[in-house]
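The chains referred to below are lettered A, B, ... by the order of the sequence lines, with proteins before strands, and numbering in each begins at 1. Atoms considered below: every heavy atom in the structure, side chains included; atoms not considered: hydrogens, waters and symmetry mates. Quick caveat: nothing in here was measured; it's all calculated off a predicted structure.
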Amino acid sequence: MALARAPGRGSGRGGHHSSAARPATAPGGPGLPDRDAHDRTPYGPVAAPGDGAGRRTMKSDELFALLRRRGVLWPTAEIYGGAQGLYDYGPLGASLKRQVEEAWVAWFVGLSHDYYRLDPAEILPEAVVRASGHLENFTDPEVSCETCHAAFRAETVLEKIRPEGVDGLVSAQIAEILLANHARCPNCGSTALSVPRPFNLMFGLDFGVTGKERAYLRPETAQSSYLAFPRMWDVGRHALPLGVAVVGKAYRNEIAPRQVLFRMRAFTQAELQIFFDPAGFPVPFARVREEPLPVLRVPRRESGEESPEWVTAADLVASGGLPEFYVYHLVHCYRFFRDVLGYPADRLRLFEKSDRERAFYNRLQFDIEGRLESLGGFKELGAVHYRGEYDLSRHGEGSGKDLSVTLTDGRSVRPHVLELTFGVDRNVWALADLLLGVEGERTLWRLPAYLAPVSVGVFPLIPKAHAAYALRLADELAAANIAVRYDDGGTIGKRYARMDEAGTPFCVTVDAETLAEGEKKDTVTLRERDSRAQTRVAVGELVSRIRTATCLPRPPRY
RNA sequence: GCGGGCAUAGUGUAGUCUGGUUAUCACAUAGGCUUGCCAAGCCUAUAACUCGGGUUCAAAUCCCGGUGCCCGCACCA
């Protein structure tokens, strides 16, 4: 079933978005690419983004207040005034985050029979981060200007007087060079620069009983996957491409954590590392070649353009010079955001990073960005990195183990890595920014049904009369493994409103007809969140109807 | 890290300039009335001056410091 194709969106498990409530953008529409318009003219402009149907967007403060109030998330150690860059997820948030993770796994691990999920340790011995380059790069010394108090990496200041950089120098040597050359502050020109102090974005740990061994909280989950490669090569029965997926926490001691879930000190990443034969990475490209993508490439960016242009996957390969395997995965990432998470297509762009911007080991990098009103612009939500052989080669040297493998045709190769990376917390925020809003009188969270923390609310129309039946029904649904919430507080309208705000896709109401003998005995009203439409449904059908709608989408495998 | 601004119930706020009753209002939450299918109404209840120090007979209000948040700069291998 070609769920990933746009038409799948409006029906079945593709989600429960009301197309009418979305802006009718010229190209694409709400996740529904206009094929005719784009097969032949892939370079048309993307329509100006906007919010149809009177949806009012929220700024960061207001959105965060709403999320706090509803128990989605709040600052860690709030009663002590909070801890910068740390947040706790409450009941709704924990559940939503988990659903996002599951959706990610279903989609990306589902890409191939040879992709696997791992759950590695969060602490890495020093030798690992030394080999990966994190120790070296994260200990870049930092100097500050005594006059204007600006802070810089020593390398930035030294660039002009010492082109080879600061590699291998200790703080004292850097200080000498700075002084001897009368180095100036890049900001104000003052020569009053402080002694360089090491600054490391990793959390270091005293490891072991003696406390003399060093270890670090992993700064990214990817390293664990590289370390697991030899073991996974056996587990995966010696086949390339081999995919290793990790969903887990990473830790960075950010200088200035800000913007709530966008710059955290402890955050959750979902990353798929695909090891492949550099001589060829076969993909069923025909399945994606017609897909129009909103891309913003480096030359267009350099001309000052901020908006993406629509280009088909085929054109990105034919005239864009990108390899098929790369574009194929870029398409699947884009589809994940659009079709699985349900982000409006006109809020997404694929942003190419230039040589200067991307890490040196990345040969290709596109960030998938979402335009978030709450944060005032496009923000990185995921990325596709072609990392080449950097990682296996570094860990091969660091560990002294040969990480190359012998293929069935007898060739010995060191696999290359394609990394699909995804910020889970950021996307929880993006789901709130893009899909939660005030629409007229309602506050409505248009989450896809399979992401909603609660799948169905069960209400007695009149608590005194119908509570017993409704409670029993709620228990039955829960027993069928459906996330259900019983509510008999306030008026029926208030209960619907609470569920709308939490993104609950369905509400079931037990009324007098449910109990009375007759044709409608054991039927209830099933109310759909976005349209508010009610249908009379036999209670026996509820489980299968809700299950169908809350089934996670999966891509076709290759 | 630097500079500026801000800080009052769960949320949003009035009061601060000009110190002086029981700290305003709305929403939210809980209970009651309402036989009610989309946040109605009425009654009741819970609930706050960011923290520490100072000035004063008296501090939410004035002063000093801490912390946090927001914006800008810097940082984000």
For the pair made of CG in A:D511 and C1' in B:rC38, what is the distance, rounded to whole Å? 14 Å
Rounded to whole angstroms, how far apart are CG on A:L526 and P on B:rC38? 16 Å
B:rU35 P sits how many Å from A:D488 CG, rounded? 17 Å
Regarding A:E513, tell me which of base, sugar-phosphate or nothing describes its non-hydrogen contacts under 4.0 Å with the strands shown. nothing
All side-chain hydrogen bond (donor to acceptor under 3.5 Å, both in side chains) counterparts of A:E122, not counting sequence neighbours: A:Y251
For B:rA60 versus B:rU16, give the span between their P atoms, rounded off to a whole number of Å. 14 Å
Which dot-bracket notation, 5' to 3', represents the base pairing of RNA chain B when pairs are defined as Watson-Crick or G-U with both distances under 3.5 Å, crossing pairs as [ ], and inter-strand pairs as |? (((((((..(((.......[....))).(((((.......)))))....(((((..]....))))))))))))....
What's A:L461 touching, base or sugar-phosphate or nothing? Going by heavy atoms closer than 4.0 Å. base
Whole-Å distance separating the CZ atom of A:R532 from the P atom of B:rC37: 15 Å
Provide, to the nearest angstrom, the distance between the NZ atom belonging to A:K520 and the P atom belonging to B:rC37. 14 Å
Is there a donor-acceptor contact under 3.5 Å linking the side chains of A:N427 and A:Y343? yes
Please report the distance separating the C1' of B:rC27 from the corresponding atom of B:rG53, rounded so that it comes out in whole Å. 37 Å
What residues, two or more places apart in sequence or in another chain, satisfy side-chain contact (heavy atoms from CB on, under 4.5 Å) together with A:R536? A:D511, A:E513, A:T514, A:K520, A:T523, A:T525
For A:A121, enumerate each residue passing the side-chain contact (heavy atoms from CB on, under 4.5 Å) test, keeping only those at least two apart in sequence or located in another chain. none
Can you work out whether A:R263 or A:A465 has the more 5'-proximal nearest nucleotide on RNA chain B? A:A465
Can you confirm whether or not the ring centre of A:Y226 sits under 6.0 Å from the ring centre of A:Y390? no
Extract from the structure each pairing of a protein N or O with an N or O of nucleotides 29-32 of chain B at less than 3.5 Å, listing the distance.
from: B:rU29; atom 1: OP1; to: A:R498; atom 2: NH1; distance (Å): 2.6

The complete set of side-chain hydrogen bond (donor to acceptor under 3.5 Å, both in side chains) pairs with one or both residues in residues 463-476 of chain A, sequence neighbours excluded, reads A:Y469-A:D522
Measuring only the P atom in each nucleotide, how far is B:rA48 from B:rU8? A whole number of Å is fine. 14 Å
Quick check: do A:S224 and A:L124 have side-chain heavy atoms less than 4.5 Å from each other? yes
If you measure from the C1' atom in B:rA45 to the same atom in B:rG4, how many Å do you get, rounded? 43 Å
Interatomic distance, A:M264 CE vs B:rC76 C1' [rounded to whole Å]: 16 Å
Where at least one partner belongs to residues 485-496 of chain A, residue pairs that pass salt bridge (Lys or Arg N to Asp or Glu O under 4.0 Å), sequence neighbours excluded: A:D487-A:R498
According to ring pair (Phe, Tyr, Trp, His ring centres under 6.0 Å), who are the partners of A:Y486, at least two apart in sequence or on a separate chain? none
P-based separation of B:rA47 from B:rA23 [nearest Å]: 12 Å
With sequence neighbours left out, write down each residue that passes ring pair (Phe, Tyr, Trp, His ring centres under 6.0 Å) with A:Y216, or none if nothing qualifies. none
Taken to the nearest whole Å, NE2/A:H134 to C1'/B:rC76 is 13 Å
Enumerate all atom pairs, one protein N or O and one N or O from nucleotides 45-47 of chain B, separated by less than 3.5 Å.
none

Hits for ring pair (Phe, Tyr, Trp, His ring centres under 6.0 Å) against A:F351, two or more places apart or cross-chain, chain-then-number order -> none
Gap between atoms CG and C1', on A:L86 and B:rU67 respectively (whole Å): 16 Å
Taking atom P in both B:rC49 and B:rC2, compute the distance separating them and give it to the nearest angstrom. 30 Å
Rounded distance in Å between the C1' positions of B:rC38 and B:rU18: 50 Å
Do A:D425 and A:W429 have side chains that get closer than 4.5 Å, going by heavy atoms? no
Taking the nucleotide of RNA chain B with the closest heavy atom to each, which residue, A:R527 or A:Y361, is nearer the 5' end? A:R527
Sequence neighbours left out, what passes side-chain contact (heavy atoms from CB on, under 4.5 Å) with A:R532? Give chain and number order. A:R442, A:R527
Does any N or O donor sit under 3.5 Å from an N or O acceptor when you compare the side chain of A:R495 with the base of B:rC37? no
Spacing of the P atoms in B:rU56 and B:rC75 (rounded, Å): 48 Å
Does A:T491 put a side-chain nitrogen or oxygen below 4.0 Å from OP1 or OP2 of B:rA39? no
